[in-house]
Engineer: 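Dropping a structure here in structure tokens format, bear with me for questions.
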Amino acid sequence: MMPRARDAEDLLPLTAPVFHILVALSDGERHGYALMRQVAADTDGVLQLGPGTLYGCIQRMLANGLVEESDQRPDPQLDDERRRYYRITDFGSRVVRAEAKRLALAVTAARARRLLPRSSGGA
Amino acid sequence: MYPAAFRRAFGQELATTFRNRVEDVLDDGGIVGWLTFSGHITVDWIRTCSSLLMESGAHRSESLGLSLGNLASGSSRPTRWDIGVCGWMGIVGGWFALVAVLAYPALSKYQPPKPTWLVAVFGWYAMFSAIGVAHRITANWGQGPSRASG
């Protein structure tokens, strides 16, 4: 059951683990442990996913059509066969974009009220 | 130790991921890292189990209350049953933490921790904290719902 007709906004707001998992998957497929490490790296170690939280999220994301299991494996010689790889779906991409946009608006509002510095190095 | 359906879906992967994480923590060395990891895993297990049990009990999973979603979103107040589950998981989690920290010397064969008493004290502390929290929660069961519902 792929929820293709659903609006991405229906699923917002996402929780932090789900958002970061989708962000980590947006540049390629990954297995569970790689996701865990990527999320920790992306958040400077602030968000450390435990195995239960990670697979709990993946279970719900699979059920909601945000991610899917990949049948391709990078190189069976280099990898544990028991690992499963996950990739983001088109719907998942739309959802994570919508969430990123929502968060960006929140940051803009916070910045306008001087709760955050005007610019953080970039822009 | 996770609910059966969850184990069937992800058991082997969970075990592999957990093993990888343990290897990393042991490679990094240090009792502090190991204790932090043990605490993190315990909290993760309690959260996951309570979240899965609440969902299966209340059929709330059709919304994307992801991860700790239903607790985090404030969409529903926890029921007595939910609180009871959390309390009991706290107790079991304390024991789990105790076993986890005491397993450290066996797992890190090459670097046995010097302050072993610290490991034991932490384990007992975790267990009694869990029991204390569970006791406080269950002590309020008979007093009806909170007045802060707005």
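Values below: all heavy atoms of this structure, side chains included; hydrogens, waters and symmetry mates excluded.
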Engineer: Could you work out, with salt bridge (charged side-chain N to carboxylate O under 4.0 Å, His left out) as the rule, every residue matching B:Arg21, not counting sequence neighbours?
Structural biologist: none
Engineer: Give the other cluster members for A:Leu105, using side-chain heavy-atom distances under 4.5 Å between Ile, Leu, Val, Met, Phe, Trp and Tyr residues; answer none if it is isolated.
Structural biologist: none
Engineer: Any residues in residues 39-51 of chain A near chain B, with a heavy-atom distance under 4.5 Å, and which are they?
Structural biologist: A:Gln48, A:Leu49, A:Gly50, A:Pro51
Engineer: Check the angle between the aromatic planes of A:Tyr55 and B:Phe10 and answer parallel, tilted or perpendicular using the 30° and 60° thresholds.
Structural biologist: tilted
Engineer: Return the set of residues passing salt bridge (charged side-chain N to carboxylate O under 4.0 Å, His left out) with A:Arg102 (not counting sequence neighbours), or none when no residue passes.
Structural biologist: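 For A:Arg102, the residues satisfying salt bridge (charged side-chain N to carboxylate O under 4.0 Å, His left out) (neighbours in sequence not counted) are A:Glu99.
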Engineer: Side chains of A:Ser70 and A:Glu29: any donor to acceptor distance under 3.5 Å?
Structural biologist: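 The answer is yes; a qualifying pair exists.
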Engineer: Check this for me: A:Arg87, atom CZ, are more than 12 non-hydrogen atoms of other residues, nucleotides or ligands nearer than 6.0 Å?
Structural biologist: yes
